Amino acid sequence: MKIRTYVLSVTAGIVFLSAGTDKASLTKGYRLGNLAPGIKSLGTDADITFSNNSGSCTLLHFWAAYDAESRMRNVQLWNRLNYDDISSQVKMVSVSMDELASVFAGTVKIDKLEGTYQVHEKLGERSEVYRKYGLKKGLRNFLIDDKGVIIAIDITPDKLSEIISKRKN
C-alpha cells in the first residue's frame, strides 16, 4: 500500500510540474541556457541587447588591464574573428572593467584594438553589469545566440571557431 501511494504521489507531482512547462520562459542570468541580461549604455549611445534574430552570435567579453589573462584573451578573440573570417557570424563586444578611462584608452591603443567595439564600465567591480554577469576575480566571456540565449561561457579562440563552424553546418 505504501508503494502504491508513493508511485501515485510521484506521478501526480510529475504531471503537475510538467503542466506549466510549455508556457515557461527562459530566465535572465549568466548561466548556460539563460537569457543574457541587457547592458545599459556604457559610454555608447545605445543599450546593448542580444536578441536580434539575425542568425549571428554575440561574443560578450569582459576584460581589464589589471587582469592579464582576460586582456590577452581579448586580443586573441579579436584576432581570431578576423583570422578565421567569422566576423560576419559573430559580433564581439568587449567590456573593460577598468575604473580609469585613461587606463582603458591606453590599453586599447597598446593592444592595437582601435576601431573594434570596446566599451568601458567606469564603475568596475562596483557596477551593475559586474553583478548581473556574476563576474568575480578572473573575468569571463559569454557567447550569446541571436535569441539572446547564452550558448557558451569562457571560450577560447579555438573553441569559438569550433562552435561557429558547427553552427554553419
Side-chain angles (χ1 to χ4, degrees), residues 25-54 56-164 167:
S25 62
L26 293 171
T27 305
K28 280 191 179 179
Y30 57 86
R31 297 193 186 344
L32 204 56
N34 286 159
L35 280 174
I39 299 175
K40 303 266 186 219
S41 64
L42 303 173
T44 62
D45 294 335
D47 294 345
I48 300 169
T49 58
F50 305 105
S51 179
N52 57 28
N53 296 317
S54 67
S56 64
C57 296
T58 302
L59 178 59
L60 177 63
H61 181 73
F62 294 97
W63 67 277
Y66 61 80
D67 184 320
E69 185 177 346
S70 70
R71 179 179 170 187
M72 178 185 66
R73 179 79 35 94
N74 191 42
V75 173
Q76 290 173 333
L77 289 166
W78 276 105
N79 290 338
R80 181 56 60 101
L81 284 175
N82 296 313
Y83 174 75
D84 282 357
D85 196 29
I86 56 176
S87 59
S88 62
Q89 294 135 8
V90 181
K91 176 182 123 184
M92 186 170 168
V93 176
S94 293
V95 180
S96 167
M97 301 308 287
D98 292 303
E99 292 186 14
L100 295 174
S102 59
V103 171
F104 163 69
T107 304
V108 168
K109 187 173 182 172
I110 289 168
D111 291 348
K112 297 182 174 123
L113 292 174
E114 292 127 325
T116 61
Y117 197 68
Q118 304 285 330
V119 293
H120 177 228
E121 172 49 86
K122 64 183 174 191
L123 295 177
E125 295 178 5
R126 297 175 289 129
S127 71
E128 182 180 350
V129 71
Y130 193 88
R131 182 184 48 76
K132 276 185 178 181
Y133 278 91
L135 301 176
K136 300 193 178 0
K137 301 238 185 270
L139 301 171
R140 47 193 342 195
N141 61 51
F142 301 85
L143 186 61
I144 304 164
D145 72 8
D146 64 335
K147 307 281 188 268
V149 177
I150 298 172
I151 59 173
I153 300 172
D154 296 333
I155 61 175
T156 63
D158 290 337
K159 189 69 175 170
L160 174 63
S161 295
E162 180 184 320
I163 291 170
I164 297 306
R167 288 180 61 89

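Computed from a predicted model, the values in this text were never measured in an experiment.
N52 places a side-chain N or O within 3.5 Å of a backbone atom of S54 that can act as its donor or acceptor partner. Checking side-chain atoms of T49 against main-chain N and O of S51 turns up no donor-acceptor pair under 3.5 Å. In this structure, the side chain of D67 does not engage the main chain of A64 through any donor-acceptor pair within 3.5 Å.
In this structure, the side chains of I151 and R167 come closer than 4.5 Å at one or more pairs of heavy atoms.
Distance NE2/H120 to OG1/T107: 9.5 Å, rounded to 0.5 Å. If you take CD1 on I86 and CE on M92, they are separated by 10.5 Å, rounding to the nearest 0.5 Å. Here CE of M72 is found 10.0 Å from CG of L77. Values are rounded to the nearest 0.5 Å. To the nearest 0.5 Å, the span separating CG on L160 from CD on Q76 amounts to 11.5 Å. Interatomic distance, E162 CD to T156 OG1, rounded to the nearest 0.5 Å: 8.5 Å. Distance check: L35 CG to D145 CG gives 9.0 Å after rounding to the nearest 0.5 Å.
The local environment of OH in Y66 is crowded, with over 12 non-hydrogen atoms from other residues, nucleotides or ligands closer than 6.0 Å. The local environment of NZ in K122 is sparse, with at most 12 non-hydrogen atoms from other residues, nucleotides or ligands closer than 6.0 Å. Counting heavy-atom neighbours within 6.0 Å of E114 CD, excluding the residue itself, gives a total above 12.
In this structure Y133 satisfies the ring-ring contact (aromatic ring centres under 6.0 Å, His included) test together with F62, F142, sequence neighbours excluded. Remark: K112 engages no residue in a salt bridge (Lys or Arg N to Asp or Glu O under 4.0 Å) (not counting sequence neighbours).
For W63 against Q118, the heavy-atom pair with the smallest separation is NE1-OE1, 3.2 Å. Residue A36 comes nearest to I150 through the heavy atom pair CB-CG1, 3.9 Å, listed as atom of the first residue, atom of the second, then distance. Listed here is the closest heavy atom pair of K132 and G38: NZ-O, 3.4 Å. Closest heavy-atom contact between S94 and W78: OG-NE1, 2.9 Å. Nearest heavy atoms, A152 versus I163: CB-CD1, 3.7 Å. When all heavy atoms of I153 and R140 are compared, the pair lying nearest together is CG2-NH2, 3.3 Å.
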Kindly determine whether N74 and L113 satisfy side chain to side chain contact (heavy atoms under 4.5 Å, CB included), including the steps that lead there.
CA-CA 9 Å; N74 191 42; L113 292 174; 3.3 Å; yes
Side chain to side chain contact (heavy atoms under 4.5 Å, CB included) between L59 and I155, intermediate numbers included
CA-CA 9 Å; L59 178 59; I155 61 175; 3.9 Å; yes
May I have the step-by-step check of side chain to side chain contact (heavy atoms under 4.5 Å, CB included) for Y117 and T58, ending in yes or no?
CA-CA 12 Å; Y117 197 68; T58 302; over 6 Å; no
Apply the test side chain to side chain contact (heavy atoms under 4.5 Å, CB included) to residues I39 and E121: give CA-CA distance (whole Å), side-chain angles for both, the deciding distance (0.1 Å), then the verdict.
CA-CA 10 Å; I39 299 175; E121 172 49 86; over 6 Å; no
Using atom types as modelled, flag every donor-acceptor pair under 3.5 Å from a side chain in residues 95-104 to any protein atom, sequence neighbours excluded.
residue	atom	partner	partner atom	Å
S96	OG	D98	N	3.2
S96	OG	D98	OD2	3.0
D98	OD1	A65	N	3.0
D98	OD2	A65	N	2.9

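For the side chain to side chain contact (heavy atoms under 4.5 Å, CB included) with S70, the lone residue among N141, L139, L135 that qualifies is L139.
D158 and R80 are joined by a salt bridge, as a carboxylate oxygen and a charged side-chain nitrogen come within less than 4.0 angstrom of each other.
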